[in-house]
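By convention here, the first residue in the shown sequence is residue 1.
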Amino acid sequence: MAAPSMGGVSLPRGNGQTVRLPRGASLTDLAERINAQPAALVTALFHLGEMVTATQSVNDETLQLLGAEIGWVIQVVSPEDEDRELLEDFDLTFGDEEGDEDDWSARPPVVTVMGHVDHGKTKLLDAIRHANVVSKEAGGITQHIGAYQIVTELEHNERPITFIDTPGHESFTAMRARGAKVTDIVVLVVAADDGVMPQTVEALNHAQAADVPIVVAVNKIDKEGANPAKIRQQLTEYGLVAEEYGGDTMFVDVSATTRQGLDDLLTAILLTADASLDLRANTEQDPQGVVIEGKLDKGRGPVATVLVQRGTLRQGDSIVAGDAYGRVRSLLDEHGNKLKEALPARPVQVVGLTSVPRAGDTFLVVEEDRVARQIADRRQARIRNAQNASMRKRISLEDLDAALKETRQLNLIIKGDNSGTVEALEEALMKIEMDDEIALRVIHRGVGGITKSDIDLALADDVIVLGFNVRAEGQATELANREGVDVRYYTVIYQAIDEIEAALKGMLKPIYEEVQLGTAEVREVFRVPKIGNVAGSLVRSGTIVRNSKARLVRDGAVVADNLTVESLRRFKDDATEVREGYECGIGLGSFNDIKVDDVIQTFEMREKPRD
């Protein structure tokens with residue numbers, strides 16, 4: 001039943017019915033679902049104070065606002081549900097399914113290492129796997145996720161354990177959260193000489209939200225001032241009670257430097273896994289899992305580090321990972337050795353994708369390359385729509401006048417060594433607080449070195465190019481130097497955020513404030529030929545300065561504003577300034593309406609520093 005809406009627009013009333021839409025849907029998408037004309041929805045939204053075209057991506061709030069007005073409940077589908085529905089279109093599912101009991105086998109535990117920055121997470125992993133990763137990290141801070149598998153012994157049996165090393169920088173919260181989602185056990189690293197810190201609590205919250213067992217590694221026990229007992233006491237406030245205190249959380253004192261307690265830590269991980277978890281997976285189902293990291297390798301092209309969660313990934317499989325797809329050309333372990341297959345809980349590098357997937361994307365194997373391409377294309381369109389909707393600035397009718405004025409915008413291109421870093425850097429930059437008069441826009445992001453096409457794009461849109469752990473290549477460097485493109489290189493995220501924030505503040509129009517200079521009382525008015533009236537005055541406060549701004553006040557009311565002290569004399573001599581308590585002659589240019597007892601106020605406009 002159609003009911004008239006605002007402005008005479010006829011729209012079908014929903015009467016509380018629910019309509020599901022993907023993120024970043026347009027009014028045309030909504031019109032198709034409720035059997036309405038897109039133009040009618042545009043008009044309805046206009047009357048609600050929002051200006052949107054029929055094909056423009058619309059954010060969640062605007063869709064729900066419109067739905068409430070026309071009687072429909074708009075349900076914006078979560079990314080997970082979107083992906084599930086997309087796969088259902090291809091008769092595929094993601095997640096564990098029931099299968100033949102014979103196809104299920106034990107798998108290694110997946111362990112995520114979390115904790116406060118500089119508490120020794122990477123050094124601890126470094127000691128465990130005998131690989132010096134720390135030396136490659138700027139400032140000793142891990143800038144991306146790495147996944148590794150080691151083999152240890154428990155009761156004379158060889159047992160593999162998969163470790164995921166998550167970044168320690170506070171801006172990588174999203175990446176750490178993803179680490180918790182794919183993990184079986186979290187190792188919370190706390191420095192014995194430092195104690196529980198803000199990021200320790202943040203990491204603990206991620207682990208508890210993921211509902212996974214926690215093993216606490218009290219690191220740096222070899223350092224002076226180490227107090228492991230204090231750590232145990234502090235963590236009881238957050239619900240982690242040590243076994244020796246009657247709780248169920250295993251605490252292990254370790255030292256990454258002296259290697260003390262490392263075997264005990266590995267044993268604690270395996271014992272926790274055996275006691276709390278049933279770690280089995282179906283090895284015969286279609287392979288599925290999660291992308292841990294993605295990067296662009298000069299020799300191999302796009303390379304994705306994936307964690308297989310079920311099934312067995314083999315060379316030659318048709319794979320789709322996020323919005324990337326391809327055929328698995330080769331599988332490599334963390335040391336670069338080729339593998340024939342990857343079983344569940346095995347981290348492996350996949351070569352053969354068309355592009356670099358994002359950290360946290362899901363991957364699955366399908367029967368044909370054609371299906372993989374179709375799923376990737378659909379995912380790509382969905383991601384693009386969601387990004388467009390999130391980037392669209394809401395404009396109300398009240399703000400139309402301001403919106404039509406020139407808005408200063410800082411355009412960026414972000415290139416990095418891996419997808420997780422690029423995404424986290426973009427997220428951190430978009431959180432910078434900005435005034436309404438300026439905007440920050442990332443027009444392109446990618447993995448790999450800065451190329452000539454990046455510089456060409458920067459030339460077209462007047463863009464700053466940020467390179468994170470990557471450099472400009474060959475012709476790109478020459479073109480950037482020749483055309484004056486601003487290319488900035490970073491290895492630590494703090495510096496990038498600080499410099500972009502400073503650049504944004506520099507784009508803001510200056511704010512001026514009035515600073516009072518002095519006041520003078522008019523005692524007598526003199527008529528000077530060819531000049532006009534001059535006020536014989538006594539300076540009551542401050543200083544009267546020649547060429548300063550002035551206003552004339554009479555009986556408490558402003559008679560004239562925006563005047564200028566064009567002449568200033570002490571007796572017969574010109575003066576630059578006259579201080580409090582002295583008499584002077586003040587000429588206000590062509591303004592002659594000056595009377596005895598008027599007050600001349602002088603001031604200047606000074607630029608106000610921004611916070």
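- Checking side-chain atoms of Gln208 against main-chain N and O of Tyr238 turns up a donor-acceptor pair under 3.5 Å.
- The shortest distance between side-chain heavy atoms of Phe468 and Lys415 does not fall below 4.5 Å.
- Here the CG atom belonging to Leu204 is positioned 8.5 Å from the OG1 atom belonging to Thr200, to the nearest 0.5 angstrom.
- The nearest pair of heavy atoms linking Ile450 to Gly467 is CD1-CA, 3.9 Å.
- Here Leu41 contributes atom CG and Ile34 contributes atom CD1; the two are 5.0 Å apart, rounded to the nearest 0.5 Å.
- Distance check, rounded to the nearest 0.5 Å: CD of Glu69 to NE2 of His47 gives 10.5 Å.
- Judged as a salt bridge (charged side-chain N to carboxylate O under 4.0 Å, His left out), and not counting sequence neighbours, the contacts of Asp561 are Arg551.
- Atom CD of Glu499 is surrounded by more than 12 heavy atoms from other residues, nucleotides or ligands within 6.0 Å.
- When side chains are defined from C-beta on, Leu552 counts as touching Leu563, because their heavy atoms get closer than 4.5 Å.
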Between Val58 and Leu21, does a side-chain contact (heavy atoms from CB on, under 4.5 Å) hold up when you go through it step by step?
CA-CA 11 Å; Val58 184; Leu21 289 171; over 6 Å; no

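- For the atom pair CG of Asp454 and CD1 of Ile443, the computed distance is 9.5 Å after rounding to the nearest 0.5 Å.
- Among all heavy-atom pairs drawn from Val442 and Met430, the shortest one is CG2-SD, 4.2 Å.
- Applying the side-chain hydrogen bond (donor to acceptor under 3.5 Å, both in side chains) test to Asp323 and every residue at least two apart in sequence or in another chain returns nothing.
- Looking only at distances, no side-chain donor or acceptor of Thr28 sits under 3.5 Å from a matching main-chain atom of Pro38.
- The side-chain heavy atoms of Val212 and Thr112, taken from C-beta on, include no pair separated by under 4.5 Å.
- A donor-acceptor pair is defined here as one N or O able to donate and one able to accept, closer than 3.5 Å; such a pair exists between the side chain of Glu293 and the backbone of Ser419.
- Residues that satisfy the side chain to side chain contact (heavy atoms under 4.5 Å, CB included) test with Arg370, not counting sequence neighbours, are Glu368, Arg373, Gln374.
- With sequence neighbours excluded, no residue satisfies side chain to side chain contact (heavy atoms under 4.5 Å, CB included) with Ala68.
- Of all heavy-atom pairs between Val465 and Ala458, the closest is CG2-CB, 3.8 Å.
- Put simply, CG on Asn418 and CG on Leu296 are 11.0 Å apart, with the number rounded to the nearest 0.5 Å.
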Going through the checks in order, is the side-chain contact (heavy atoms from CB on, under 4.5 Å) test met by Lys295 and Asp417?
CA-CA 6 Å; Lys295 65 179 181 179; Asp417 57 341; 6.0 Å; no

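- Using modelled atom types, one side-chain atom of Thr183 and one backbone atom of Val110 make a donor-acceptor pair closer than 3.5 Å.
- Annotation: side chain to side chain contact (heavy atoms under 4.5 Å, CB included) contacts of Ile500 (sequence neighbours excluded): Leu410, Leu412, Leu429, Ile432, Leu440, Leu466, Leu504.
- Sparse packing is recorded around CD of Gln475, with 12 or fewer heavy atoms of other residues, nucleotides or ligands lying under 6.0 Å away.
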Taking it one step at a time, do Val42 and Thr53 satisfy side-chain contact (heavy atoms from CB on, under 4.5 Å)?
CA-CA 6 Å; Val42 171; Thr53 65; 5.9 Å; no

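- The pair Arg606-Glu604 meets the salt-bridge criterion, with a side-chain N (NZ, NE, NH1 or NH2) lying under 4.0 Å from an Asp/Glu carboxylate O.
- Here Gln288 contributes atom CD and Phe363 contributes atom CZ; the two are 8.0 Å apart, rounded to the nearest 0.5 Å.
- A salt bridge links Lys452 with Asp456: the distance from a Lys NZ or Arg NE/NH1/NH2 to an Asp or Glu carboxylate oxygen falls below 4.0 Å.
- One N or O on the side chain of Asp29 and one on the backbone of Ser26 form a donor-acceptor pair closer than 3.5 Å.
- Residues Pro347 and Ile292 form no side-chain contact, since every pair of their non-hydrogen atoms from C-beta on lies 4.5 Å or further apart.
- With a 4.5 Å cut-off on side-chain heavy atoms, Leu30 and Ile74 count as touching.
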Evaluate the side-chain contact (heavy atoms from CB on, under 4.5 Å) criterion for residues Val366 and Ile375: first the C-alpha distance (whole Å), next the side-chain angles of each, then the deciding distance (0.1 Å), finally the verdict.
CA-CA 10 Å; Val366 294; Ile375 294 173; 4.2 Å; yes

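- Heavy-atom minimum distance, Gly326 versus Leu353: N-CD2, 4.1 Å.
- Considering only residues two or more places apart in sequence or on other chains, Val422 meets the side chain to side chain contact (heavy atoms under 4.5 Å, CB included) condition with Ile414, Arg445.
- A pairwise comparison of heavy atoms in Val291 and Pro357 identifies CG1-CG, 4.0 Å as the closest pair.
- For the pair Thr354 (side chain) and Tyr325 (backbone), a donor-acceptor distance under 3.5 Å is present.
- Nearest heavy atoms, Ala31 versus Gln37: CB-C, 4.1 Å.
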